There are 2 protein chains.
Amino acid sequence: MRLIVARCEVSYTGRLTTRLAESVRLLMIKEDGTFMVWSDSGGQSVKPLNWMTPPTVVELTDGLVVVRKRAGRSEDRLEIRLLEVLSDVTHDMGEAAGLEKDGVERDLQLLLADDPTHVEAGLRLVKREWPTDVGPVDLMCRAEDDGWVAVEIKRVGTIDAVEQLSRYLDCIRADPSRAGCRGILAAQQLKPQAVALAEQRGIGTACVDLAVLRGEREPELTLFAV
Amino acid sequence: MRLIVARCEVSYTGRLTTRLAESVRLLMIKEDGTFMVWSDSGGQSVKPLNWMTPPTVVELTDGLVVVRKRAGRSEDRLEIRLLEVLSDVTHDMGEAAGLEKDGVERDLQLLLADDPTHVEAGLRLVKREWPTDVGPVDLMCRAEDDGWVAVEIKRVGTIDAVEQLSRYLDCIRADPSRAGCRGILAAQQLKPQAVALAEQRGIGTACVDLAVLRGEREPELTLFAV
DNA sequence: ACTTAGATTTCGCCG
DNA sequence: CGGCGAAGTCTAAGT
């Protein structure tokens, strides 16, 4: 990885056109060809001002950096005019170990499949990823009274999720044996509008806590965790 | 901006939980408190492995960096165990000039409002952002035969855009005087599925070129164009 | 190869 | 402050 701190001007032409007036910025060039321009305190804190994803061609000649990339029939071009280089270092970082994630929607689905009672008391799983004509429902369950219950799981429950579950329910209820199927939207966070629309459509909502789910999963470990 | 290159282990707990095994990485700390962890060639090239947006509290004590942030009732926490610091430099970048963008959807809309004939020959603008119950239509126009035409503008025309325009048309046509209103989806790039669905629903499509729009903006140039 | 859906999406506008 | 839509979204999975 090469890190250049320099007073510079930047212009980009590609899908859109942008310009950056003279200022001190960080140019970050990764081994894989990724190129980024960073300011210390721009508007969007975790996003580079300009960037180009691999595959790129980087040319550094006489106070001018040109980063190019073929984009369909045209070309993406990032041009940096270097007015003063304050620092220019390169570090070999070797092979990086990948990021292990835990707690995304997939995990939420698995945990709730493991124990659907967190969605509604008495719920029993029939099948995960139950297929319908318009896509798979996350969980198909039976309620305490043996009635069918379709569960859609999201990390954030929005109005779109209610629409999605509604489409599934239309399909599911087309089968007379499941005409009485209920629907529940389960999410870590439920938007008020989603709750309102769900209520309007007779769809239930359940707010689930990942920590609680996890705590119930390995009861013996919770004693030592955190 | 502080740039630390170090062999380190990273763990994050917050909305989800992640772990990074020992490896050499770049720690980037911006003046505004933004904290990022970068590898040289991770999977997602233009996105940090871990990050935290301001406001953050950064503690660097004895081979351990702890970045904390209040997140609702809970706390986001990023912990970096430093095993070997290879470099640690700080640069003052002063005030950065902002990024000037040109060529996003907004610009496309303004250019087409200026000259709707690029959507369809003979089209005349009646109003930009014409209100309906389900949101504003980008352009409301009259065709050469004086018939109403609603235009939805996207940078990339997807199936969603066709759905959106369909909803608008339902509302617009509810008024008997505009029952015959046509719809056109105008985009820089049209997805084949969007074209298919549009055709199915009797909605027109128009592929517009930003460069051509821009070139035709000066009337004297039109004489030589095409 | 293309399409669909998730993301610690982020970010900006507008109420 | 919350909801909604755009983004140079990106990325990964399934078909």
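Letters A, B, ... mirror the listed sequences (proteins, then strands); counts begin at 1. Below, each value reflects all heavy atoms present in this structure, side chains not excepted, and no hydrogens, waters or symmetry copies. Bear in mind that the values here come from a model prediction, so they are computed numbers and not experimental data.
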**OP:** Kindly check if the number of other-residue, nucleotide or ligand heavy atoms within 6.0 Å of CD (A:E129) is above 12?
**Re:** yes

Subject >> Upstream residue (5' side of DNA chain D) when A:L190 and A:R15 are each assigned their closest nucleotide >> reply: A:L190

Original post:
Which whole-number value in Å describes the distance from B:M36 CE to C:dT10 C1'?
Top reply: 13 Å

Subject >> Closest nucleotide among C:dT8, C:dG6, C:dT3 to the A:E105 side chain >> reply: C:dG6

Original post:
Rounding to a whole Å, what distance do you find between B:K47:NZ and C:dC11:P?
Top reply: 12 Å

Original post:
For B:Q188 and D:dA6, what is the distance between atoms CD and P respectively, to the nearest whole Å?
Top reply: 14 Å

**OP:** Round to a whole Å and report the spacing from CD of A:E100 to C1' of D:dA12.
**Re:** 18 Å

Subject >> A:D40 (side chain) donor-acceptor with B:E31 (main chain) under 3.5 angstrom >> reply: yes

Original post:
Which one, D:dA6, C:dT10, D:dC10, comes nearest to the side chain of B:V46?
Top reply: D:dC10

**OP:** Looking only at side-chain atoms of B:P192, point me to the closest of C:dC11, D:dG8, C:dT3.
**Re:** C:dT3

**OP:** Measure the CG-CG distance between B:L112 and B:L125 for me, rounded to the nearest 0.5 Å.
**Re:** 10.0 Å

Original post:
Are A:R201 and A:S166 close enough that a side-chain donor and a side-chain acceptor fall under 3.5 Å?
Top reply: yes

**OP:** Return yes if a side-chain donor-acceptor contact under 3.5 Å exists between A:N50 and A:T18, otherwise no.
**Re:** yes

Original post:
So what does B:K191 hit on the nucleic acid, given a heavy-atom distance under 4.0 Å: a base, only sugar-phosphate, or nothing?
Top reply: nothing

Original post:
In whole angstroms, how far is the P atom of D:dA7 from the CG atom of B:D102?
Top reply: 13 Å

**OP:** Tell me whether the centres of the aromatic rings in B:W38 and B:W51 are closer together than 6.0 Å.
**Re:** no

**OP:** Please list every stem that involves DNA chain D, where a stem is a run of 3 or more consecutive Watson-Crick or G-U wobble pairs with both pairing distances under 3.5 Å.
**Re:** C:1-7 with D:9-15, C:9-15 with D:1-7

**OP:** Classify the nucleic acid contact of A:M52 as base, sugar-phosphate or nothing, counting any heavy atom under 4.0 Å across all strands shown.
**Re:** base

Subject >> Comparing B:V104 and A:I159 on DNA chain D - which has the more 5′ nearest nucleotide >> reply: A:I159

Subject >> Interatomic distance, A:L99 CG vs D:dA12 C1' [rounded to whole Å] >> reply: 14 Å

Original post:
At under 4.0 Å between heavy atoms, what does B:D76 touch on the DNA or RNA strands: base, sugar-phosphate, or nothing?
Top reply: nothing

Original post:
How close or far is atom P of D:dG5 from atom CD1 of B:I153, stated in whole angstroms?
Top reply: 17 Å

Subject >> A:E22 CD: over 12 foreign heavy atoms closer than 6.0 Å >> reply: yes

**OP:** Consider the side chain of B:Q193, meaning its heavy atoms from C-beta on, and name the nucleotide among C:dT4, D:dG8, D:dG3 that approaches it most closely.
**Re:** C:dT4

Original post:
Mind checking the P distance from C:dT4 to C:dT8? Whole angstroms is fine.
Top reply: 22 Å

Subject >> Between B:K154 and B:Q164: side-chain donor-acceptor atoms closer than 3.5 Å >> reply: yes

Original post:
Where each residue is assigned the nucleotide of DNA chain C containing its nearest heavy atom, which of A:Q164 and B:T53 is assigned the position nearer the 5′ end?
Top reply: A:Q164

Original post:
Whole Å only: how far is the CZ atom of A:R106 from the C1' atom of C:dG6?
Top reply: 12 Å

**OP:** Measure from the side chain of A:K101, starting at C-beta and using heavy atoms only, and say which of D:dA6, C:dG6, C:dT8 lies closest.
**Re:** C:dT8

